[in-house]
2 protein chains.
Amino acid sequence: MTPYYEDDFATIYHGDCAEVLASLPSESVDAVVTSPPYAEQRKATYGGIREADYPGWTVRWMEPLKRVLKPDGSVLINIRPHVLGGQISDYTLRTRLALRDAGWAELDELIWMKKGGGPPLGHSGRPRRSWESLHWFGLDGRAWCDPVANGAPSESIGGLRDGRAATAGWKHLGGHQNEPRPGISRSLDVATFSTRNNPNDSADTNHPAPYPPKLAAWCVRLICPPGGVVLDPFSGSGSTGVAAIANGRRYVGVDVVEEYAAMSARRVSKEPPVLDFGGAA
Amino acid sequence: MTPYYEDDFATIYHGDCAEVLASLPSESVDAVVTSPPYAEQRKATYGGIREADYPGWTVRWMEPLKRVLKPDGSVLINIRPHVLGGQISDYTLRTRLALRDAGWAELDELIWMKKGGGPPLGHSGRPRRSWESLHWFGLDGRAWCDPVANGAPSESIGGLRDGRAATAGWKHLGGHQNEPRPGISRSLDVATFSTRNNPNDSADTNHPAPYPPKLAAWCVRLICPPGGVVLDPFSGSGSTGVAAIANGRRYVGVDVVEEYAAMSARRVSKEPPVLDFGGAA
DNA sequence: CATGCTCTTGAATCCCTAG
DNA sequence: CCTAGGGATTCAAGAGCAT
């Protein structure tokens with residue numbers, strides 16, 4: 001399939017994601033980081049998947065990934081139930097079970113916590129909904145992950161206190177005792193970022209559902225090794241691509257809406273790539 | 001059924017919760033706040049419900065609540081999947097769907113965020129799991145809730161700026177424009193508390209799964225009106241009871257293990273009740 | 001360069017009214 | 001009685017500017 005845009009670090013396709021994914025080489029992608037259209041949302045641009053159809057729709061677009069992903073690759077999906085009549089929808093539950101039934105391994109439940117609580121809208125008689133799920137699936141339970149990538153420097157990691165090397169989450173990645181990556185704590189399963197986009201990008205991020213680039217970067221660093229390939233089948237404004245390139249990964253984006261494929265290409269092409277894989281990981 | 005312990009503010013039963021609940025008067029409980037034994041956990045004391053049985057087991061113990069709860073009462077359940085072979089268990093998903101199938105309305109997904117990340121345990125190659133779910137169910141979508149009870153004082157509530165009364169989450173509770181409860185923002189759907197118990201309680205809280213009293217208090221204030229009755233069918237060390245009484249509610253606790261019924265009675269009887277329902281709400 | 005103010009803007013829901 | 005559409009609600013982040 002012919003790319004809509006291509007450079008050394010990014011490839012953007014305009015087309016239906018199932019078709020595009022079917023055309024990608026086997027084991028060519030390390031990680032998928034995406035925020036698909038939620039059920040009943042974005043009707044204007046994506047047709048608005050109905051709740052009842054959502055689990056099957058998700059299983060279908062993810063099926064080609066079983067071939068396209070590397071064996072230790074994984075998928076991070078941001079979806080969220082809506083509230084109707086004071087009750088939350090169940091389509092995310094049913095989607096998770098459908099993916100398990102389809103053979104996917106559910107690795108963990110990660111959370112995006114909206115700093116400051118996010119927009120104060122919603123049901124005025126209920127607590128403000130201030131977090132969203134990042135559902136993490138892999139081909140099996142052994143998916144690649146760097147638990148230290150988003151960790152904070154720490155003064156109290158066990159090894160530093162008693163003279164042993166600090167190897168939290170590091171031996172796991174093949175590190176050796178004599179080259180420890182010391183003083184960084186394991187990250188939590190929660191990413192805390194404001195909902196706001198970078199206002200500098202505002203002209204180029206006119207998309208109904210952009211998530212903040214900092215969140216995308218957190219996800220990329222967690223599940224894609226440095227120098228690897230990140231895929232977003234619902235590229236939208238291209239935030240995942242920007243985050244991937246800014247963190248020394250390559251990007252493959254897909255969008256069925258030409259305007260968004262163009263927007264992704266524009267933003268991705270402007271992002272100065274980071275090639276220093278050594279320290280930033 | 002004869003209570004194991006009883007005073008003006010608390011009643012503790014020693015027995016199987018399904019039997020005890022069946023013996024309680026209709027519409028006598030405003031809210032249930034509980035942390036049942038997780039699947040495959042606490043085998044020594046509770047027999048260790050198997051994962052496959054967990055949804056049915058939950059539906060069964062909750063069934064009598066449809067009669068015992070007031071029509072606008074609701075239930076807050078703290079359970080958590082475990083990790084095995086790098087994959088999370090699905091029993092909480094299936095339990096939520098089973099409760100929906102049984103006619104319960106799922107009102108929201110609330111979260112307990114463990115301040116500081118909680119114990120740094122778990123799989124060392126993965127992010128530290130630092131939150132747990134509080135699943136909120138009601139008889140229908142109109143359950144009682146005070147969205148402001150746990151809110152923080154705010155200087156920037158809309159009404160304060162332009163002279164209108166600030167009635168966030170207050171009109172909902174029957175407040176009038178001329179008696180606003182101003183300057184308190186709606187709480188978030190996240191409760192952030194450390195995992196630590198009050199060290200003063202340590203002698204009396206030797207229970208395998210105590211959640212912190214501050215978390216229980218947050219839950220009580222959210223879903224039980226001042227002066228109402230809070231029920232915990234898995235009373236354990238009695239933290240829910242302590243929180244209820246300290247916040248001007250009454251408590252009904254049940255535990256199948258006599259040692260825990262006794263522990264609940266002991267802690268509850270020591271807690272000085274708060275009777276000033278006026279301001280603390 | 002800190003500090004403080006104004007200004008804008010949200011992946012929202014509910015209620016009420018009109019048909 | 002059910003459906004569809006429009007108005008009301010409400011607050012933190014961050015930029016830009018003034019002090």
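This structure is a prediction, so every number in the text was calculated from the model and none was measured. Atoms considered below: every heavy atom in the structure, side chains included; atoms not considered: hydrogens, waters and symmetry mates. Reminder, nothing fancy here: chain letters follow the sequence lines and each chain counts from 1.
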Inset, instruction - For A:D232, enumerate each residue passing the salt bridge (charged side-chain N to carboxylate O under 4.0 Å, His left out) test, keeping only those at least two apart in sequence or located in another chain. - result: none
Inset, instruction - Write down the distance between CZ (A:F193) and P (D:dA12), rounded to a whole number of angstrom. - result: 20 Å
Inset, instruction - Assign each of A:G85 and A:N78 to its nearest nucleotide of DNA chain C by heavy atoms, then name whichever residue's nucleotide is nearer the 5' end. - result: A:N78
Inset, instruction - Go through the structure and list residues passing salt bridge (charged side-chain N to carboxylate O under 4.0 Å, His left out) with B:K115, not counting sequence neighbours. - result: none
Legend entry - Whole-Å gap separating C1' (C:dC14) and CG (B:D140): 16 Å
Inset, instruction - Provide, to the nearest angstrom, the distance between the CD1 atom belonging to A:I88 and the C1' atom belonging to C:dA11. - result: 16 Å
Inset, instruction - Nearest whole angstrom, please: distance from the C1' of D:dT9 to the CZ of A:R128. - result: 13 Å
Inset, instruction - Looking at every strand, decide which applies to A:R129 at a 4.0 Å heavy-atom threshold: base, sugar-phosphate, or nothing. - result: sugar-phosphate
Legend entry - From C:dG10, C:dA11, C:dT13, nucleotide with atom closest to A:H82 side chain: C:dT13
Inset, instruction - Specify the separation, in whole Å, of atom NZ of A:K114 and atom P of C:dA11. - result: 8 Å
Legend entry - Distance in angstrom units between A:Q87 CD and C:dT13 P, rounded: 13 Å
Inset, instruction - Hey, could you give me the CG/NE2 distance between A:L99 and A:H135, rounded to the nearest 0.5 Å? - result: 9.5 Å
Legend entry - side-chain hydrogen bond (donor to acceptor under 3.5 Å, both in side chains): pairs with one or both residues in residues 52-62 of chain A, sequence neighbours excluded: A:R50-A:D53
Inset, instruction - Take atom CG of A:L121 and atom P of D:dT9, then tell me their distance rounded to the nearest Å. - result: 13 Å
Inset, instruction - For A:G118, answer base if it contacts any base atom (sugar-phosphate contacts may also be present), sugar-phosphate if it contacts only those atoms, and nothing otherwise; contact means non-hydrogen atoms under 4.0 Å. - result: nothing
Legend entry - Residue whose nearest DNA chain D nucleotide is more 5′ - A:G117 or A:G122: A:G122
Inset, instruction - Not counting sequence neighbours, which residues clear salt bridge (charged side-chain N to carboxylate O under 4.0 Å, His left out) with A:E51? List them please. - result: none
Legend entry - Toward the 5' end of DNA chain D, by each residue's nearest nucleotide, A:K214 or A:P119: A:P119
Legend entry - Among C:dT13, D:dT10, C:dA11, the nucleotide that comes nearest once only the side chain of A:Y38 is considered: C:dA11
Legend entry - Nearest-Å distance for atom pair NZ/C1', residues A:K115 and D:dA13: 9 Å
Inset, instruction - Check whether any side-chain N or O of A:S194 sits under 4.0 Å from OP1 or OP2 of D:dG14, and answer yes or no. - result: yes
Legend entry - Under-3.5 Å donor-acceptor pair between A:T195 side chain and D:dA13 base: no
Legend entry - A:P120 side-chain proximity, nearest of C:dA11, D:dT10, C:dT13: D:dT10
Inset, instruction - Take atom P in C:dC16 and the same atom in D:dT10, then report the distance between them in whole Å. - result: 15 Å
Inset, instruction - Please say whether the positively charged group of A:K214, taken as NZ for Lys or CZ for Arg, lies over the ring of A:W218, i.e. under 6.0 angstrom from the six-membered ring centre and within 45 degrees of the axis. - result: no
Legend entry - Residues that B:D140 engages under salt bridge (charged side-chain N to carboxylate O under 4.0 Å, His left out), provided they are two or more places apart: B:R142
Legend entry - Listed nucleotide nearest any side-chain atom of A:S35, set C:dA11, C:dT13, C:dA12: C:dA11
Legend entry - Presence of A:R126 side-chain N/O under 4.0 Å of C:dC14 phosphate oxygens OP1/OP2: no
Inset, instruction - Give a yes/no verdict on a cation-pi contact between A:R126 and B:W136, requiring under 6.0 Å between NZ or CZ and the six-membered ring centre and an angle within 45° of the axis. - result: yes
Inset, instruction - Can you tell me which stems involve DNA chain C, if a stem is defined as three or more consecutive Watson-Crick or G-U wobble pairs, both distances under 3.5 Å? - result: C:2-10 with D:11-19, C:12-19 with D:2-9
